[in-house]
Engineer: 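I have a structure here, written as structure tokens, and I will follow up with some questions on it.
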Amino acid sequence: MKLNNAALTKLPIATPSYDRGKICVGIAHIGAGHFHRAHQAMYIDRLLQRGLAHEWGICGVGVLPGDWPMRDVLRDQDGLYTLIVEKPDGSRDAQVIGSIIDYRYAPDDPEAALEVLAAPSTRIISLTITEGGYRDPDGPAFALITEALARRRDRGIAAPTIVSCDNIEGNGDVVGRAVLANAESRDPALAEWIAEHARFPSSMVDRITPSTTLDMAATVRREFGVDDRWPVVAEPFTAWVLEDDFADGRPPLEEAGVLLVDDVRPYELMKLRLLNAGHQCLAYFAHLCGFEFVHDAARDPLLAEFLLAYFQFEAIPTLPPVPGIDLHDYSCTLLERFANPGVRDTVSRLCAYSSDRIPKWLLPVIQDNLASDGSVRLAAATVASWARYAEGVDEWGNPFEVVDQLADSLVPIARSQHENPTAFIEITAVFGDLAQQPRFVQAYSWALDSLQRKGARATLEELLQ
């Protein structure tokens with residue numbers, strides 16, 4: 001049965017119990033991709049199911065040309081989609097999420113997108129634009145936000161709260177700097193108004209959510225009888241820690257399981273340096289060992305031992321205490337989450353866009369351990385595994401595509417490291433001064449040489465001896 005409003009009472013799975021026609025837009029979300037739909041939109045749906053957030057419905061906003069499939073699907077399905085929760089035992093739950101009640105596609109109609117961002121009822125603007133989306137404060141997301149804020153100021157409308165939900169340390173500060181830089185270049189007085197009235201709380205978001213595939217849509221049709229062109233699959237675990245600093249009110253998010261705190265940083269560092277950096281520690285070695293799926297790699301005893309060693313000896317020593325959380329227990333739970341076969345997350349997804357991820361998630365661990373005389377052997381080996389992966393040829397001589405914003409420069413440099421072993425880490429735009437740190441260079445050079453001469457498994461075995 002085709003998924004839309006008319007089908008809601010006839011579907012064999014859980015559907016919204018609230019009247020979607022009475023829900024107003026209170027949140028405009030830029031980048032309504034698979035993660036947003038499995039995470040923030042799910043939390044708002046929880047509140048709507050309890051009758052707690054009728055003024056906090058979501059309007060998705062697409063800013064990139066590649067967002068057109070989401071535009072078409074959400075339009076055809078009245079903003080509805082299926083969330084599939086894959087459990088480690090192989091069972092799965094399905095529910096229809098109804099919190100996205102509108103969608104605006106800026107490349108086709110920038111005025112419509114701007115007006116929802118500038119509307120008095122839109123009190124929160126949130127973003128999932130990936131780590132790379134913050135590189136350019138003049139990018140489409142920030143240009144759109146700045147123009148909307150200018151309209152609000154000129155019309156006497158209150159400034160909103162702007163919430164980054166991307167995996168970046170201090171993401172509230174990062175998005176604030178980007179918006180203010182864009183505004184400053186346009187109108188310094190506007191930047192002053194934004195700095196005084198808007199709020200940019202930091203957040204930590206956590207849920208493993210692979211990209212939507214045609215296979216997922218086929219599974220939803222076959223097992224649940226729902227014709228959904230863009231369902232989303234996620235693990236059971238979900239967490240959202242949010243700084244409680246809002247300009248113009250907020251939904252009662254604590255009623256949906258969100259942790260509202262004064263200081264997100266301990267939670268944020270835990271997640272970035274364990275889960276996110278852990279994914280990178282696993283990804284390149286897994287690819288070089290021939291794994292396609294993350295759960296298969298995480299179940300390999302050698303890779304699992306390497307990952308747990310990274311957590312215990314290099315990542316956890318750099319972390320402050322996290323209220324209510326045992327970091328060693330959390331790291332063991334991560335391995336169980338990575339090994340969930342139902343999620344079917346791909347190694348290639350974890351390997352993509354590494355030049356945006358490694359500097360934000362893994363390099364801070366290396367830098368802190370260099371400063372404190374801590375171990376860097378395992379993190380340096382991870383960087384070496386990325387450098388070896390970036391050559392674009394596997395251990396059997398088969399070429400593959402390196403998906404990265406900087407691929408055109410990274411791949412030739414990686415291929416030159418047979419003659420110049422430190423060529424890759426001399427890319428200062430990615431690594432800063434790491435190539436000038438003797439202790440790191442020694443560990444990195446050993447790992448890269450071993451990877452090239454002996455391969456990934458032999459390198460891991462020697463590392464863990």
Engineer: Does the ring centre of Tyr134 sit less than 6.0 Å away from the ring centre of Phe142?
Structural biologist: yes
Engineer: For a ring-ring contact (aromatic ring centres under 6.0 Å, His included) with Trp386, tell me which candidate from Phe431, Trp361, Tyr444 qualifies.
Structural biologist: Phe431
Engineer: Taking Glu391's backbone N and O only, do any of them form a donor-acceptor pair with Arg415's side chain (distance below 3.5 Å, no angle check)?
Structural biologist: yes
Engineer: For residues Asp404 and Ser355, report the shortest heavy-atom separation together with the two atoms involved.
Structural biologist: OD1-OG, 2.5 Å
Engineer: Identify whether the distance between the nearest side-chain nitrogen and carboxylate oxygen of Arg104 and Asp109 falls below 4.0 Å.
Structural biologist: no
Engineer: Tell me the closest heavy-atom pair linking Trp240 and Gln40, and the distance in Å.
Structural biologist: CH2-CG, 3.7 Å
Engineer: To the nearest 0.5 Å, how far apart are CZ in Arg71 and OH in Tyr105?
Structural biologist: 5.5 Å
Engineer: Restricting to non-hydrogen atoms, name the atom on Val376 and the atom on Ile366 that form the minimum distance, rounded to 0.1 Å.
Structural biologist: CG1-O, 3.9 Å
Engineer: Do you see a donor-acceptor pair shorter than 3.5 Å between the side chains of Glu86 and Asn340?
Structural biologist: no
Engineer: CG/Leu272 to CG/Leu362 distance, rounded to the nearest 0.5 angstrom?
Structural biologist: 11.5 Å
Engineer: Decide, yes or no, whether a salt bridge links Lys2 with Asp76 under the criterion of side-chain N to carboxylate O below 4.0 Å.
Structural biologist: no
Engineer: Cut-off 3.5 Å, side chains only: do Tyr284 and Ser354 have a donor facing an acceptor?
Structural biologist: yes
